[in-house]
Amino acid sequence: MKILVVGPGAREHAIVHALAAEAASGEAHEIHAAPGNPGIGAEATLHPLDAEDGSAVAELAREIGADLVVVGPEAPLVAGVGDAVREAGFPVFGPGGEAARLEGSKAFAKDVMAAAGVPTAMAHVCTDMDEVAAALDAFGAPHVVKDDGLAAGKGVVVTDDRDAALEHARAALDAPDGAGQVVVEEYLDGPEVSLFCVCDGTTVVPLAPAQDFKRIFDGDEGPNTGGMGAYSPLPWAPPGLVDEVVARVAQPTVDEMARRGTPFSGVLYCGLALTSRGVRVVEFNARFGDPETQSVLARLVTPLSRVLLAAAQGELAELEPLHWREEAAVTVVVASAGYPASARKGDPITGIEAAEALNGVHVLHAGTALSDDGALVAAGGRVLSVVALGAGLTAARERAYEAVGKISLAGSQHRTDIAAKAAAGTLTVPA
C-alpha cells in the first residue's frame, strides 16, 4: 500500500513508525510523508510542501499514486485539506473542513454536544469583556477560559486568578486573527482521560485510553503546553469507561454530525474529565492527540494501516476487534530551552541512538531539523518524544527516563513525574 502521511511532528512520526513496523514485518507498504522531519525521513520518503495547501497535497497524492492519505495535524484538517484530497479521488483518513470544526471552534463543538445530549461542562460563549466578567463570576473559581479557535493545545487558561482569566480573554478577543469570541466554562474536577475514537461517519471504534500532562512543570505547575508526556493503559480508570464514552459521547456526536450533513470520518479525540458527577467532555479534537498517540500506537498490535483504511473507506463495521499489547507505554517529551514562552532553536541533539539501544524504547521527532553541516538540531518547542514499553507502568517509566538520560540537548527540559501517580496507585476518581 502506498501511504502518504501529512504533517511535521511527533504524532505523524508515531503514525509513520507504526506503518514502518508493519512494512518490516512483511506488509508491502511504501510510505511517504509531507513535509515530515528528519526522524520521519529515516522511515519514509519526504516531500517538502505546505501541509495546509490542499491542492498541493492532492497533486502529491497523484504523483505517488497514493492508496491512502493520512492528514495528521488540526490546521490542515480545519483548512479543508481532507476535502481537496477526497475530491481528487483518494481515500483520506481525517475529517473534512466542516466536520473538523468540532476542533476548530469550541462554540460549534458545544452546540453539537448540546444537540446530541453529550455530557460536558456548562459554558458561556462571550463576545465582549462584560460577558466574560459575568461568566467568570457566575461559575466562580477556578476560572476556565478557552480561545474559540485553534491554539495548538495552548489556548486555554485554568486559574484562580480572576485578573489572569480576564487578561487571557481580552487577548483572545483582541487577536486580529481570532474568532472574536471566547468560551468561559465551569471547572471540572477529577482526572482527565484522552480517548481516541476512530470513525467512518457511522461506526465508532475506540482505541485504548491514555492520559497526558499539559503543564510544563512537575506537579501540574506552570503554563499549559502542547503536552509534556502521556501513558497508557490507565489501571485506575473505572471498569466500562470506554464503552460508556462510546455510548454517551462518541456515537451520539458522530450521529449528530451525520444528521447535519457533515459526517465525521477520522479520529474523534474525546478529552474527558472523570468528575464527581460522572464523565464530562472537556474538549473535542478532530485528530490524534500528541503526545498520547505516541503511547497508544506503541501498544497497538492490529496493523494500523488496516484501521486507517477501513475508516477512510467507510468499512469500520467490518473491522475485526483490535488487539493490544499487555505492556504499558510511557512517553516523555523533551522540550527546548525557553518552551513554552519561547523555544530556543539550533542546539545540537545527540544520544538518540544510545536511547534506542535500550530494549523497548524508540524516539520520535517533533521539533527537529538538520543543520547546514548535517547535524541534528532543535527546531521547535517540543523536540522529541521518548517512548518506552514495559511490563507495567513502573517498568515503562524507568526505561523511558533511562532513555531520556542518554539524550543531550543544551537547556532542555522534561517532566519527571509522567505516570508517577498511576504507577504508585495514588490516582483516584472522585466519588
Side-chain angles (χ1 to χ4, degrees), residues 113 116-121 187-199 202-214 220 227 229-255 267-285 288-289 291-302 304 307 311 316-317 319-331 387-397 400 417-431:
M113 283 187 265
V118 170
T120 186
Y187 175 76
L188 298 176
D189 63 342
E192 293 192 6
V193 173
S194 299
L195 182 67
F196 304 148
C197 292
V198 178
C199 314
T202 303
T203 301
V204 173
V205 175
L207 303 188
Q211 186 180 57
D212 77 332
F213 295 74
K214 287 293 188 188
D220 293 326
Y231 67 94
S232 177
L234 311 182
W236 50 268
L241 173 65
V242 171
D243 290 341
E244 179 185 1
V245 174
V246 170
R248 298 185 63 201
V249 175
Q251 192 67 60
T253 300
V254 169
D255 292 345
V267 174
L268 180 64
Y269 170 134
C270 301
L272 312 160
L274 307 190
T275 77
S276 55
R277 294 174 292 150
V279 174
R280 297 289 186 272
V281 174
V282 176
E283 66 176 353
F284 282 144
N285 291 328
F288 283 117
E292 300 99 316
T293 300
Q294 290 88 302
S295 289
V296 171
L297 294 188
R299 298 185 57 234
L300 181 65
V301 175
T302 300
L304 177 64
V307 180
L316 278 178
L319 189 69
E320 295 182 359
L322 302 183
H323 296 283
W324 299 92
R325 291 182 175 85
E326 292 186 1
E327 295 112 308
V330 171
T331 298
V387 186
L389 289 167
L393 286 175
T394 297
R397 287 189 79 249
D417 62 347
I418 305 301
K421 289 183 179 180
T426 60
L427 202 160
T428 58
V429 177

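In terms of the side-chain hydrogen bond (donor to acceptor under 3.5 Å, both in side chains) criterion, residue partners of Gln251 (sequence neighbours excluded) are, by chain and number, Asp255. With sequence neighbours excluded, the residues that form a side-chain hydrogen bond (donor to acceptor under 3.5 Å, both in side chains) with Ser295 are Thr331. Judged as a side chain to side chain contact (heavy atoms under 4.5 Å, CB included), and not counting sequence neighbours, the contacts of Asp417 are Asp218, Arg415, Ala420. Thr253 pairs by the side-chain hydrogen bond (donor to acceptor under 3.5 Å, both in side chains) definition with nothing, not counting sequence neighbours. In this structure, Phe284 has no ring-ring contact (aromatic ring centres under 6.0 Å, His included) partners at least two apart in sequence or on a different chain. Considering only residues two or more places apart in sequence or on other chains, Arg277 meets the side chain to side chain contact (heavy atoms under 4.5 Å, CB included) condition with Glu186, Leu188, Thr275, Arg280. Looking at residues two or more places apart in sequence or on another chain, you find no side-chain hydrogen bond (donor to acceptor under 3.5 Å, both in side chains) involving Thr203. The side chain to side chain contact (heavy atoms under 4.5 Å, CB included) test applied to Thr428 returns no partner, not counting sequence neighbours. When the side chain to side chain contact (heavy atoms under 4.5 Å, CB included) test is applied to Pro430, the partners found at least two apart in sequence or on another chain are Asp189, Pro191, Ser276.
The heavy-atom pair separating Pro235 from Ala422 by the smallest distance is CG-O, 4.3 Å. Summarising the geometry of Val249 relative to Val118, their closest heavy-atom pair is O-CG2, 3.8 Å, with the distance given to 0.1 Å. Shown here for Phe288 and Thr293, the closest heavy-atom pair between the two residues is CB-OG1, 3.0 Å. When all heavy atoms of Ala328 and Gly392 are compared, the closest pair comes out as CB-C, 3.6 Å. The two residues Arg325 and Leu389 come nearest to each other via the heavy atoms CD-CD1, 4.2 Å. Closest approach of Val193 to Pro209, counting heavy atoms only: CG1-CB, 4.0 Å.
With hydrogens and angles disregarded, a donor-acceptor distance shorter than 3.5 Å links the side chain of Gln211 to the backbone of Glu192. Using a distance-only test at 3.5 Å, with no hydrogens or angles considered, a donor-acceptor pair links the side chain of Thr120 to the main chain of Val281.
Atom-to-atom distance recorded for Arg299:CZ and Glu327:CD is 8.5 Å, nearest 0.5 angstrom. Separation of atoms OG (Ser194) and CG (Leu207) is listed at 11.5 Å; rounding is to 0.5 Å.
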Start with the C-alpha distance between Leu241 and Leu274, add both sets of side-chain angles, then the distance that settles side-chain contact (heavy atoms from CB on, under 4.5 Å), and finish with yes or no. CA-CA 10 Å; Leu241 173 65; Leu274 307 190; 3.8 Å; yes
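For the pair Val205 and Val307, the minimum side-chain heavy-atom distance is 4.5 Å or more. Looking only at side-chain heavy atoms (C-beta outward), Val204 and Val198 stay at 4.5 Å or farther from each other.
Within the structure, side-chain hydrogen bond (donor to acceptor under 3.5 Å, both in side chains) contacts touching residues 234-249 (residues at least two apart or in different chains) are Tyr231-Trp236, Glu244-Arg248.
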